[in-house]
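Whatever order the structure lists them in is the order used to number ligands and atoms, beginning at 1. Computed over heavy atoms, backbone and side chain alike; hydrogens, waters and symmetry mates excluded.
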Amino acid sequence: MSYQSQYNQSLIEPEVFWAAQAEQIKWYEAPKTILSTDENGLFRWFEGGKMNTCYLALDAHIEAGRGAQTALIYDSPVTQGFLTYSYDELLHETAKVAGALKSLGVQKGDRVIIYMPMIPQVVFAMLACARLGAVHSVVFGGFAAHELALRIDDAKPKVLLTASAGVEFDRIIPYKPIIDVAVMEAEHQIEHLVVYQRWMHKARLNNDRELDWSDWVANAPPAPCTPVDATDPLYILYTSGTTGKPKGIVRDNGGHAVALRYSMQQVYQVSPGDVFWAASDVGWVVGHSYIVYAPLLTGCTTILYEGKPIKTPNAGAFWRVIAEYGVKVLFTAPTGFRAIRKEDPECLLKLQYDISCLERLFLAGERCDAATLHWAQNLLQIPVIDHWWQTESGWPMLATPIENGQVFPIKPGSAGKPVPGFQIDILDADAQPLNPGEEGAVGVKLPLPPGCLPNLWNATDRFIDGYLSAYPGYYFTGDGGYQDEEGYTYITGRIDDVINVAGHRLSTADMEEIVAAHPAVAECAVVGIDNELRGQVPLGFVVLKTGTQIEEPILEMELVQMVRDRLGALACFKQAIVVKRLPKTRSGKILRRIMRLIADKKPYQAPSTIEDWSTLEEIEEACRERLTLTI
Ligand code: COA
Ligand code: AMP
């Protein structure tokens, strides 16, 4: 079926369309309804269906004769560790971890937090939870203890799985001290902590609630799959919102499996046996969907890469991995390519490798600038497809379609056309669709297709208020954008307090909370400003309490350290500028957008409701004199 007919059918007859897609997976019991609403009036897919995501990702392929095929390749230039697991082997490892979790009393519906680096055990752990019907919540290893504690208190896990250390380039980051602080800070008490001891650093286990991973799994009997309802949660993934409290995005089992399988066919166009590489981290949604679940649900070979695009050992790292394993489709964030371009502008290192196996490159996670797109196109001479989605959707909402092997025209600056299942409209403040060329809020007409968040973890009101109320009949994505006459959509950026640093989604409100806690700070604003490498980086503006005596460089150093300690180094919070006042409207609203435009040296138009025009001149002057972040 053509892209257009699929798209039309998915909107006109969503239940017929998704019922057909649901037939592609093996259910223990077929769904009783395709689309229904729950007790909160929220849409649910495939109610009554019984299945198991781990069964579909592993056992089903083995039953179909793919047991000997490589399922997972672990490539770790930072530790010189290289391993492969066939589907048989991956099932063996996963079933043992599931058995070990069971021995700790973990059952269907229990939560398990996973705070681990990019090692095979993280994949075993995620799949093991899925096997038991337990709900995993993976926390990105770069988050500091406080962020982990927030997640422990919200998810209330029975068990926390971790490793003794992560490795960042050549730096060993011990995890246990972070865990110890988080566990102490959290009110919720976990029952057990299991630590995978890595050779480069051994963690000290303090009591008998803390277990060594190897001993823990050594004698564990393999656990079978527990059937779950399609609507049961598979995982919770916390993401940044507009407050300091992260939002627990819930993913269900049935809709997720159906949607991800469909996306591999329709968006990425890969088949069983193909090698698919998402160069991301399992701590992000890209890692959940396209390192772990989608490739395995499809019977592909997936790559778990513990390294960076550069300096591990050089900017040829991506080309080596592609050539070595025969990668057909690569998915990464534009930052990765910007980093390679910066280190190796002529891309001479690529000449050392034969990467003719690579058929398509997909970029997402942040806006792709035209320069990076053109550089990648010229370099690779293959389709480079910018596509757009978010933690909440779990799979792409916009992408340039591929039909009969031919990619539709790629328009720089656009993330493509809506993927079947998603009606994307650009809305005005009254939730009315705007005309082509007019910029507004990006909304997705309800119901969202399968695979998207059905709700937030234990926060239905926050879900309804944050996503469904502002534009009735629509899910509000938090992004702004516009469309052209041909339905291509251009995402112009977040219109809330979320920023994107090297493809990592962070909340400026979160950083403001931390900065405001400094005893010298009266008030502050953190904005995301343009950055050539990372897309955006945060910049703080602070107003001191009257009478405070502190040297600006010392204050800045302390604030930078506070954000690193409380949120994590990944925030890249590196500069705070002291100003006399923050520009505000007469009703007291801080004009963050205007401050961002000033810092980016872009034209701006202040609202007539501004309290005092001279505050803008003060910000301009402060940026002119003291802004050192490279743009
Ligand atoms: N554990 C601990 N610390 C981490 C971490 C992790 N998993 N991930 C990042 N950090 C730390 C880094 O060590 C760095 O600390 P530093 O300030 O002390 O040096 C800081 O967080 C910033 O990390 P990062 O933005 O990754 O910077 P970098 O210099 O290490 O690498 C790039 C720069 C461009 C190579 C890197 O950002 C990159 O590969 N980006 C690709 C984007 C991507 O994959 N995004 C995923 C979403 S799809
Ligand atoms: P995350 O939930 O971490 O995946 O971040 C989602 C956000 O990243 C989106 O809401 C967008 O703001 C941004 N984003 C993701 N992909 C793109 C893209 N292709 N173009 C522009 N912005 C993007």
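- The N/O atoms of T332, backbone and side chain alike, include none that comes under 3.5 Å of an N/O atom in ligand 1.
- Heavy-atom proximity to V286, at under 4.0 Å, picks out these atoms of ligand 1: 48 (S).
- Among A502, G336, G503, G166, the residue whose heavy atom lies closest to atom 43 (C) of ligand 1 is A502.
- Taking a cut-off of under 4.0 Å to the non-hydrogen atoms of I173, the atoms of ligand 1 that pass are 2 (C), 3 (N).
- By the 30° and 60° cut-offs, the orientation of the rings of Y3 relative to F408 is perpendicular.
- Atom 10 (N) of ligand 1 has E168 OE1, 3.3 Å as its closest protein atom, hydrogens excluded (heavy atom only).
- In terms of the side-chain contact (heavy atoms from CB on, under 4.5 Å) criterion, residue partners of I426 (sequence neighbours excluded) are, by chain and number, L434, V442, Q483, T489.
- When distances from atom 32 (C) of ligand 1 to the protein are checked, no heavy atom turns up under 4.0 Å.
- In summary, the side chains of S393 and Y475 do not present any donor paired with an acceptor at a separation below 3.5 Å, with no hydrogens or angles considered.
- Inclusion of Y175 in the set of residues having an N or O under 3.5 Å from an N or O of ligand 1 is not warranted.
- Proximity to G141 (heavy-atom distance under 4.0 Å) selects the following atoms of ligand 1: 1 (N), 2 (C), 6 (C), 7 (N).
- With hydrogens left out, the protein atom closest to atom 40 (N) of ligand 1 is T335 CG2, 3.8 Å, a heavy atom.
- The aromatic rings of F463 and Y467 lie tilted to each other, with the angle between the two planes from 30° to 60°.
- The heavy atom nearest to atom 46 (C) of ligand 1, out of those in G287, S280, G307, is found in S280.
- Note: Y268 and H387 have perpendicular aromatic rings, judged against thresholds of 30 and 60 degrees for the angle between ring planes.
- Ligand 1 places these atoms under 4.0 Å from at least one heavy atom of C572: 22 (C).
- Less than 4.0 angstrom separates some heavy atom of A333 from each of these atoms of ligand 1: 42 (C), 43 (C), 45 (N).
- Looking at K602, Q536, R596 one by one, the single match for side-chain hydrogen bond (donor to acceptor under 3.5 Å, both in side chains) with D530 turns out to be K602.
- Taking the salt bridge (Lys or Arg N to Asp or Glu O under 4.0 Å) definition, one finds that R505 meets it with E392, sequence neighbours left out.
- A donor atom on one side chain and an acceptor atom on the other are found under 3.5 Å apart for E366 and T335.
- If you look at R534 next to ligand 1, the close heavy atoms, those under 4.0 Å, all belong to the side chain.
- Of all protein heavy atoms, the one closest to atom 30 (O) of ligand 1 is K308 NZ, 2.9 Å.
- Between the side chains of D75 and Y325, at least one donor N or O lies within less than 3.5 Å of an accepting N or O.
- A heavy-atom separation below 4.0 Å is found between G142 and ligand 1.
- Close contacts between ligand 1 and R171 involve ligand atoms 13 (O), 15 (O), 16 (P), 18 (O), 19 (O) [criterion: under 4.0 Å to a heavy atom].
- Partner of W277 under the ring pair (Phe, Tyr, Trp, His ring centres under 6.0 Å) criterion, chosen from F318, W319, F362, Y290: F318.
- Among protein heavy atoms, the minimum distance from atom 20 (C) of ligand 1 is reached at A569 O, 3.4 Å.
- If you check the side chains of T312 and Y305, you find a donor sitting under 3.5 Å from an acceptor.
- Remark: ligand 1 and K574 share no N or O pair separated by less than 3.5 Å (distance only, no angle test).
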Give a table of atom pairs where an N or O of ligand 2 lies under 3.5 Å from a protein N or O.
| residue | atom | partner | partner atom | Å |
| --- | --- | --- | --- | --- |
| ligand 2 | 2 (O) | T391 | N | 2.8 |
| ligand 2 | 2 (O) | T391 | OG1 | 2.5 |
| ligand 2 | 2 (O) | R505 | NH1 | 2.6 |
| ligand 2 | 8 (O) | G365 | O | 3.4 |
| ligand 2 | 8 (O) | N500 | ND2 | 3.0 |
| ligand 2 | 10 (O) | Q390 | NE2 | 3.0 |
| ligand 2 | 10 (O) | D479 | OD2 | 2.6 |
| ligand 2 | 10 (O) | R494 | NH1 | 2.8 |
| ligand 2 | 12 (O) | D479 | OD1 | 2.6 |
| ligand 2 | 12 (O) | D479 | OD2 | 3.3 |
| ligand 2 | 16 (N) | G365 | N | 3.1 |
| ligand 2 | 19 (N) | D386 | OD1 | 2.8 |
| ligand 2 | 19 (N) | H387 | O | 2.7 |
| ligand 2 | 20 (N) | E366 | O | 3.4 |

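- Here K417 does not pair with E486 in a salt bridge; the nearest charged N to carboxylate O distance is not below 4.0 Å.
- Every residue two or more places apart in sequence or in another chain was checked for a salt bridge (Lys or Arg N to Asp or Glu O under 4.0 Å) with D497, and none qualifies.
- Using modelled atom types, one finds no donor on one side chain facing an acceptor on the other under 3.5 Å when comparing R320 with Y353.
- Note on ring orientation: taking the six-membered ring where Trp is involved, the planes of H256 and Y235 are perpendicular (angle over 60°, cut-offs 30° and 60°).
- Salt bridge present: D154 and K245 bring a charged side-chain N and a carboxylate O closer than 4.0 Å.
- Closest protein heavy atom to atom 18 (O) of ligand 1: R564 NH2, 2.7 Å.
- Distances below 4.0 Å separate heavy atoms of A279 from the following atoms of ligand 1: 44 (O).
- Atom 38 (C) of ligand 1 has its closest protein heavy atom at P309 CD, 4.1 Å.
- Inclusion of L570 in the set of residues having an N or O under 3.5 Å from an N or O of ligand 1 is warranted.
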For E306 and R198, what are the C-alpha separation, side-chain angles and deciding distance, and is it a salt bridge (charged side-chain N to carboxylate O under 4.0 Å, His left out)? CA-CA 14 Å; E306 189 182 26; R198 302 189 76 186; 2.9 Å; yes
